[in-house]
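What follows is a single structure, written as structure tokens, with notes after it.
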2 protein chains.
Amino acid sequence: MSNESHRAVQYGGGRDALLEATIRVVARAGLRKVTNRAVAEEAGVTHGLVSHHFGNRDNLIAEALRYVLERSLDRSTLESGTGSVDDFARTLVEMATGDADGQAFQYELILESRRRPELRPLVASLYDTYRDATRRELARIGLADVPGLDHAVFAALDGLVFQELADPDPERMQSALDALHDLLRSATVAPPPHVPARAARS
Amino acid sequence: MSNESHRAVQYGGGRDALLEATIRVVARAGLRKVTNRAVAEEAGVTHGLVSHHFGNRDNLIAEALRYVLERSLDRSTLESGTGSVDDFARTLVEMATGDADGQAFQYELILESRRRPELRPLVASLYDTYRDATRRELARIGLADVPGLDHAVFAALDGLVFQELADPDPERMQSALDALHDLLRSATVAPPPHVPARAARS
DNA sequence: GGTCAAACTATCCAGACGGAAAGTTCTTGG
DNA sequence: CCAAGAACTTTCCGTCTGGATAGTTTGACC
């Protein structure tokens, strides 16, 4: 149609536009500002489309989280694949600084999952994605079998990303990553004392 | 007055009641549910009292964060003081599991500070409290001078507390703390390679 | 060109909201 | 006992909300 160039959203693209708009509104203004009208305006449609596609506001938010999960599985953003702790740390920094909205959205929804059980499987899946990537990187640097290490390292990275969102300080983040890197390097040459004998031999 | 036993809040105690109610409502239902009426009901007063004491909703929330900070400075909950990594980890676990509402409230407000600059000094102060406590514990176990280590360790603890709130799994938390403990013990006997020569000598 | 279903818009309404202002109650001090 | 100020309640109102429903537009298919 000749007025197509005036339309903010291509016909039939309203649903995805609403999901992407939801992510931006959450990141920018928090869950409180996620109203049917605010999201519709951000998406360039009218607020009736929310009811049409999602039924209600809660479903919209849950679908937006699912949408983010699908996109993150496609991208494997956490994993550099080179076996280098430096590269791993660098992809992390890039993730935190390059997609602050996406990260902020995830943290808001993680907290929201405490009060909305239907979000918990999605949050668990999100965390599994990150923990699996952490495990694979640890395996590449020779630390596959240390119990709990994957959880400790992922928690450190998660904590750094969260703090960088809240109170950005790239130097602090870099020095923390350097220290973590050094701890892990120490651990590859002198494994922690309670590694099982079998693992120590191999 | 003979009807005093019927009053939920002692006369003159409305302000503190509203602040404590705000913390509970944030933790339980998120910032979206923090309305003048919801908080007043939780506090056992009427919603006009919010305007009277705080002027507006934003001030109420900021004052609630300040209130939490004052209470946490009084309690130094993160620090065991024994120099034992085990004790440090244990006080952390207790903090995360024993005051889930307080922790949840802090994380919600940390994210909110991204969009409300007036909260940032309060959040920075909160983080300083935690980082100082982490630094002192690291000093007690002989790791005072490793650059960035305090940030890495605090981030790991912060990440663990956050994940425990969102998706409680005490075994995972314990194994992560054990692994972190082992990494730090390794570091006390074989300091990381890039420690400055001066520090290595001393 | 017509039909039909999908996608979307416009309208409506009951209820909740923030906060201001007037009024009431309680406590303290003289 | 009274006055005054602090603390609190009640009332009001414009605005915003969620979501339902009727109506319109678009695109695919025959």
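Sequence lines set the chain letters: A, B, ... in the order given, protein chains first and strands last, and positions in each chain run from 1.
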> To the nearest angstrom, how far is B:Phe54 atom CZ from D:dA6 atom C1'?
Replying inline: 15 Å

>> Using the salt bridge (Lys or Arg N to Asp or Glu O under 4.0 Å) criterion, which residues pair with B:Arg32? Sequence neighbours excluded.
In response: none

> So does A:Glu171 have more than 12 non-hydrogen atoms from other groups sitting under 6.0 Å from CD?
Replying inline: no

> Whole Å only: how far is the CZ atom of B:Arg32 from the C1' atom of C:dG18?
Replying inline: 15 Å

>> Applying ring pair (Phe, Tyr, Trp, His ring centres under 6.0 Å) as the test, list every pair that has at least one member in residues 104-127 of chain B; sequence neighbours left out.
In response: A:Phe162-B:Tyr107, B:Tyr107-B:Phe162, B:Tyr127-B:Phe154

> Expressed in angstrom and rounded to an integer, what is the separation of A:Glu41 atom CD from D:dG18 atom C1'?
Replying inline: 17 Å

> Who are the salt bridge (Lys or Arg N to Asp or Glu O under 4.0 Å) partners of A:Arg37, not counting sequence neighbours?
Replying inline: none

Under 3.5 Å, N/O pairs linking protein and nucleotides 4-8 of chain C:
| from | atom 1 | to | atom 2 | distance (Å) |
| --- | --- | --- | --- | --- |
| C:dA7 | O3' | A:Gly12 | N | 3.3 |
| C:dA7 | N3 | A:Tyr11 | OH | 2.8 |
| C:dC8 | OP1 | A:Gly12 | N | 2.9 |
| C:dC8 | OP1 | A:Gly13 | N | 3.3 |
| C:dC8 | OP1 | A:Gly14 | N | 2.8 |
| C:dC8 | OP2 | A:His53 | NE2 | 2.6 |

> Which residues pass the salt bridge (Lys or Arg N to Asp or Glu O under 4.0 Å) test with A:Asp16, sequence neighbours left out?
Replying inline: none

Please write out the pairs of protein N or O atoms and N or O atoms of nucleotides 19-21 of chain C separated by less than 3.5 Å, giving the distance to one decimal.
| from | atom 1 | to | atom 2 | distance (Å) |
| --- | --- | --- | --- | --- |
| C:dG19 | OP2 | B:Arg57 | N | 2.9 |
| C:dG19 | N7 | B:His47 | NE2 | 3.4 |
| C:dG19 | O6 | B:His47 | NE2 | 2.7 |

> In whole angstroms, how far is the P atom of C:dC17 from the CD1 atom of B:Ile61?
Replying inline: 14 Å

> Can you list the residues that meet the salt bridge (Lys or Arg N to Asp or Glu O under 4.0 Å) rule with B:Asp101, with sequence neighbours excluded?
Replying inline: none

>> Please enumerate all residues that pass side chain to side chain donor-acceptor pair (under 3.5 Å) together with A:Arg57, with sequence neighbours excluded.
In response: none

> Which pairs with one or both residues in residues 38-47 of chain B pass side-chain hydrogen bond (donor to acceptor under 3.5 Å, both in side chains), sequence neighbours excluded?
Replying inline: B:Arg24-B:Glu42, B:Arg28-B:Glu42

